[in-house]
Amino acid sequence: MQSRRWFGGAGFSFADDQVTETLSQAIRGTGEELDREPDTGVLFGSLRGSVVGLRYYTGVVNKGEMVSLVRQPQNPYDCNAVMVANVYGSQVGHIKRELAVLLANIMDNNLARVEGVVPFGVTNQFTMSVVLSFWGREENRDAVLRQITSRSFKLQSGPTGTHTHTYSLLFVCVSFDLQAVCTPLLPHQKQALSWMCVCENNAALPHFWEVKGELFYNTLTHSSVRERPQRVRGGILADDMGLGKTLTTIALILSNFHHGKPLPKGKQSAPQEKVRHYTHPRPFDDCIIWCVCVSLGKSVVSPVEAASSQSTDDPAARATLIICPLSVLSNWLDQLDQHVRADVKLNVYLYYGSERNRDTHFLSSQHMVLTTYNVLSADYSGSASPLHTVSWLRVVLDEGHIIRNPNTQQSKAVLKLNTQRRWILTGTPIQNNLRDLWMLVAFLRLKPFDVREWWNRVIQRPVTQGDKTGLQNLQALVKCVTLRRTKASRVCGRPLVSLPERSVRIEEVELTQKEREEYELARTEGRTTISRYVAEGTVLRNYADVLAILVRLRQFCCNTHIWVKCVYTHTFCNFCSRLFSVTPAELRERLIMKLRLVLGTGSDEECAVCLDSVRLPVITHCAHVYCRPCIAEVIRSEQEQARCPLCRGQIKASELVEFPLEEEEEESNLLENWRSSSKVEALMSSLLRLRSEDDSIRSLVVSQFTRFLTILEIPLREEGFKFVRLDGTMNQKRRAQVIQEFQSDAPGSPLIMLLSLKAGGVGINLSAASRVFLMDPAWNPAAEDQCVDRCHRLGQKRDVVITKFIVKGSVEENMVKIQRQKQDLVEKAFGTKNPSERKTSRVDEIRALMEL
DNA sequence: ACCGCCGGGTGCC
DNA sequence: ACCGCCGGGTGCC
């Protein structure tokens, strides 16, 4: 098998797909190490070399095109061989032997990443030039330089040139009538629907492709392919929360079943029967779709190019698979009930629960199958996954930013689905980092950027390094697959939705003298510890302690009783000074304690590897918390040299400590010693005043600390408020009940919902509330916004008033300042900071918080 | 390959 | 003639 790959005599050309496929696999790697390569290396320099043997291969390259270099240690003619391939994985040639020795050495020892660009294109059939640039860690620069000069090559400084391009815009106007959806679509929803239909049926390639003679030319990578590149059939619907992404998607499913034709309406066809007859006029018969392509200042009006049916499409595929977080499953069912006409028989199957029907024929025969990311990845990890066997017409990822980390099982499972059309629904396409977007691009199979290398080289690195062209390329790329409107956007000069006003007021809370004394005591203690770390430069190494101190201060601002005394004494008196002079059992116990501290209090800690909130948390011996899969991947790839990404301390897989199964909290203890606090009083007086003024107004009371919510239950009961509670510990069924109860306008339904900030994050609709009390500031201002959006959304009839309680002269005031800076950053820099910058800004943040 | 390299043919100018 | 030079054959790794 292996030897065959390199077998080929003179004059023999490799045209067969098998080889091409193997090569592209070689470039892509196994998929296991997707996220490992650092994008942050520095450029050591570049040198000119030559590619030889062009006439034996079929890969096409153009002037300025990027190529990838793939080591071939098994090559029978030269174990130093370096193969050159174009963006599509077709082999172009080999690096000339003498140079290959050098590259092999550098690549095999991981001294630098080597990237190739073809400066002039192909001028003859035998050889061509290639500019090789070397990227790596600063500490490897000397070694690389030595390698290069010792073999009498010369490294030039500076990068190779890039090109700019302008892109044409696409405007689409559609008018049609939807018969199966009983809810009239708002103008912006119709616009989204028509855009989605065009994305699914239009065969035109994205604008960064140009037809040049017989070839297809990619203006971003400067590459050409003979085969028409597979276009994206789908896209990203990235509208703000509450603009009706769910409804629009339901309308899409009903109206665009096959090649722009709708689902049959009325009587349902038998499962096996192919749907050919439409008993009603098809909405698209009355549909006028015109594209106005504005290109270089000239307008051309042309009908949308009809979809050329691709031979690989399974014509029998008709089912749409919807994947969503558990928390919004019920929302889909509600919306279907609400918006689909009663006489439309839509086969919807909820693929959830242990009794789910795994029969693939059954699943294929549905119109819609609803499931969750967890069910999908659970199926995927087993043998023969039903969801991966079905040939889907369409897969929709709801809250698609869930899969932004490509290392997770969920993401891997999602990528392996077999479908013709792909959609991502998300309100927040970029949350932390540009990297978030890659996974979305990969899911959509936006060629060639679904291969990590091209994404990194054309988009990620240029943008991270502040290259304007990179940003333009990114915008062009995103634009061609994304529709994003905010509540402030306008259609035909009118706002998309006229939502009621939303105002924020900050209520400053004064601590009582006793509270102030306690707070100051804790603060002084914390400052001493942290300033020691700052002086030693060990803030990150002692991150868990620092967080613990901050959590403690933040909790003191709410109510001193949230703090669990025993944790405090252990953590601060024995533990923080020395880690290693204890027995393994003690160490383990203390690490678990820290882990609980970091997570259990509800602080929204993020994993420094995936930059997402921590999932499956583990703690290292140096007391840093990561997702287990993320840190396991680091250890797997770096083996014995594995170091903690935050403090560079040595880490081993065997020394990762997991969070033990959730123990029941001693709630009684919390309630027995109950005492009020200034913040509790401030909230209660607001609520009482509100009730006396208008007892129909409902409120969300939001905290990051679930224990604080528990504390608040006491005075609420005392004052006779009817309330419900929604937090992360509740299962889906319970959540749905609670939300329904709160949203219901039946007499005696609750006026208040106690909501944990995280649980209030995505998807749910709490439009019954028009008051939001944010009890404590969050690290991440976007989390607060998202939470407020639960009620400030479509369906909200009243003006929304948000009250933020901030304790005067406390860490909370500093958090608010940092929040503002973060907001600026997001607006300015598109939220693209690389992890090392993030880490330093973390230290700065901590110093700002503690006024050090 | 409008090269470099190899090796055979050749050999004053 | 154990050289230089010429020109044909040839050519990735």
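Computation of the quantities below employed the complete heavy-atom set of this structure, encompassing side-chain atoms and omitting hydrogens, waters and symmetry-equivalent molecules.
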Quick one: look up who B/dA1 pairs with, Watson-Crick or G-U, both distances under 3.5 Å, and put none if it's unpaired. none
For A/Gln125, side-chain hydrogen bond (donor to acceptor under 3.5 Å, both in side chains) partners two or more places apart: none
Between atom CD in A/Gln91 and atom C1' in C/dC12, what is the gap in whole Å? 9 Å
Find the distance A/Lys96:NZ to B/dC3:C1' and express it as a whole number of Å. 10 Å
C1' atoms of C/dC13 and B/dC2, separation to the nearest Å: 25 Å
C1'-based separation of C/dG11 from B/dG4 [nearest Å]: 10 Å
A quick test of your reading: do over 12 heavy atoms of other residues, nucleotides or ligands sit less than 6.0 Å from CZ of A/Arg226? no
Whole Å only: how far is the CG atom of A/Leu99 from the C1' atom of C/dC13? 13 Å
With no angle test and no hydrogens, is the base of C/dC13 tied to the side chain of A/Tyr56 by a donor-acceptor pair under 3.5 Å? no
Watson-Crick/G-U partner (both atom distances under 3.5 Å) of C/dC13: none
Mind checking the C1' distance from B/dA1 to B/dC6? Whole angstroms is fine. 15 Å
Quick one: do A/Arg113 and A/Glu115 make a salt bridge, cutoff under 4.0 Å? yes
Can you tell me which residue pairs pass the salt bridge (Lys or Arg N to Asp or Glu O under 4.0 Å) test with a partner in residues 76-103 of chain A, sequence neighbours excluded? A/Asp78-A/Arg97
Rounded to whole angstroms, how far apart are CG on A/Asn124 and C1' on C/dC12? 13 Å
Between atom CD in A/Gln72 and atom C1' in C/dC12, what is the gap in whole Å? 11 Å
Measure from CD on A/Glu98 to P on B/dG4 and round the result to the nearest Å. 13 Å
With syn defined as a glycosidic angle within 90° of 0 and anti as the rest, where does C/dA1 land? syn
Heavy atoms under 4.0 Å, any strand shown: does A/Ile95 hit a base, just sugar-phosphate, or nothing? sugar-phosphate
A/Phe126 CZ to C/dT10 P, straight-line distance once rounded to whole Å: 13 Å
Separation of C/dC13 atom C1' from A/Tyr77 atom OH, nearest Å, is 8 Å
From A/Ile424 atom CD1 to A/Thr426 atom OG1, the distance as rounded to the nearest 0.5 Å: 8.5 Å
